[in-house]
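One structure below.
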Amino acid sequence: MIVVALFVAFGLVCAIAAWFVLREAGRQSVTPTPPTYSLDEAYEWVVASVDRLVASTLTPDDVRAILARQVEFFTRQGVTQEGTAPNLATDVVIAESDTVGYIIDRCRADGLELLPEQVYPVVESQMAYLRAIGAVGPQRTA
């Protein structure tokens with residue numbers, strides 16, 4: 001009798017767990033999970049894709065500083081959001097030159113001297129990463 005009760009209890013627990021899993025899977029198929037930015041993944045993407053000549057002039061800390069300042073700039077512009085926030089109501093366009101200027105100024109304030117020729121390729125590569133994960137739309141042309 002105890003064995004039967006244990007099997008029934010176990011079956012009930014499995015049925016409840018299956019119900020939760022199926023409900024969550026159905027919810028995610030209707031509303032996909034928003035892209036999640038990872039500084040480590042962005043760093044790996046940039047290191048793999050940036051020109052070797054530019055890469056030879058930057059340390060890993062330089063690249064991480066550029067990536068972090070770019071995200072900081074986006075935050076200051078009001079275009080970053082948490083995964084639970086609603087989508088932005090309008091398109092936001094940020095000039096690459098504004099981003100690079102901000103990064104150079106912020107890095108200089110932190111004691112890191114960078115040239116635009118070093119920053120542009122990293123910024124472009126990170127933008128390609130953001131497009132690849134679906135965090136930003138396609139590049140606009142004038």
Side-chain angles (χ1 to χ4, degrees), residues 2-3 5-142:
I2 295 175
V3 173
L6 288 174
F7 277 123
V8 169
F10 179 73
L12 186 60
V13 168
C14 288
I16 292 170
W19 180 79
F20 279 112
V21 167
L22 290 173
R23 183 185 74 165
E24 191 60 30
R27 185 180 309 165
Q28 287 183 1
S29 69
V30 173
T31 54
T33 305
T36 302
Y37 175 83
S38 166
L39 180 61
D40 293 331
E41 287 179 11
Y43 173 80
E44 294 299 325
W45 178 286
V46 168
V47 168
S49 62
V50 77
D51 181 71
R52 296 271 182 227
L53 182 60
V54 173
S56 68
T57 68
L58 297 168
T59 68
D61 288 339
D62 294 343
V63 174
R64 287 185 184 279
I66 294 168
L67 297 176
R69 296 303 176 265
Q70 185 175 6
V71 172
E72 181 181 292
F73 180 70
F74 290 162
T75 302
R76 292 178 63 93
Q77 298 301 309
V79 297
T80 60
Q81 54 187 314
E82 295 298 321
T84 58
N87 292 333
L88 297 172
T90 61
D91 289 344
V92 178
V93 178
I94 297 176
E96 195 172 69
S97 59
D98 293 341
T99 305
V100 171
Y102 177 84
I103 292 168
I104 290 172
D105 291 343
R106 283 288 289 122
C107 286
R108 185 175 297 131
D110 293 339
L112 179 60
E113 291 293 328
L114 295 171
L115 300 172
E117 294 80 9
Q118 294 172 301
V119 177
Y120 270 102
V122 175
V123 166
E124 290 168 358
S125 184
Q126 177 159 234
M127 289 304 296
Y129 166 75
L130 293 171
R131 280 190 287 280
I133 66 169
V136 297
Q139 187 172 2
R140 286 231 172 135
T141 57

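Positions are given from 1, in the same order as the sequence printed here.
- By the 30° and 60° cut-offs, the orientation of the rings of Tyr102 relative to Phe73 is tilted.
- Between Asp105 atom CG and Leu114 atom CG the span is 11.0 Å, to the nearest 0.5 Å.
- Interatomic distance, Glu72 CD to Ile103 CD1, rounded to the nearest 0.5 Å: 9.5 Å.
- Nearest heavy-atom pair, Ala42 versus Leu67, reported as atom, atom and distance to 0.1 Å: C-CD1, 4.0 Å.
- The side-chain heavy atoms of Phe74 and Leu130, taken from C-beta on, include a pair separated by under 4.5 Å.
- Ile66 CD1 to Asp61 CG: the interatomic distance, rounded to the nearest 0.5 Å, is 11.0 Å.
- The two residues Trp45 and Ala132 make their nearest non-hydrogen contact at CH2-CB, 3.5 Å.
- A donor and an acceptor atom, one from each side chain of Glu96 and Tyr120, are nowhere located under 3.5 Å apart.
- The line from OG1 of Thr57 to CD of Glu117 is 9.5 Å long, rounded to the nearest 0.5 Å.
- Cation-pi geometry between Arg64 and Tyr43 is met: under 6.0 angstrom from the ring centre, within 45 degrees of the axis.
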Mind running side-chain contact (heavy atoms from CB on, under 4.5 Å) on Tyr129 and Ser38 for me, showing each step along the way?
CA-CA 10 Å; Tyr129 166 75; Ser38 166; 4.1 Å; yes
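- Asp110 places no side-chain N or O within 3.5 Å of a backbone atom of Cys107 that could act as its donor or acceptor partner.
- Heavy atoms only, all atoms of each residue included: Ala55 and Val50 are closest at CB-CG1, 3.8 Å.
- Considering CD of Gln70 and CZ of Arg106, their distance stands at 14.0 Å, rounded to 0.5 Å.
- Annotation: side chain of Val71 is in contact with side chain of Gln126 (closest heavy-atom distance under 4.5 Å).
- Put simply, CD on Glu41 and OG1 on Thr36 are 9.0 Å apart, with the number rounded to the nearest 0.5 Å.
- When every heavy atom of Leu112 is checked against every heavy atom of Ala65, the shortest pair comes out as CD2-CB, 3.9 Å.
- Counting only heavy atoms from C-beta outward, the side chains of Asp51 and Pro121 never approach each other to under 4.5 Å.
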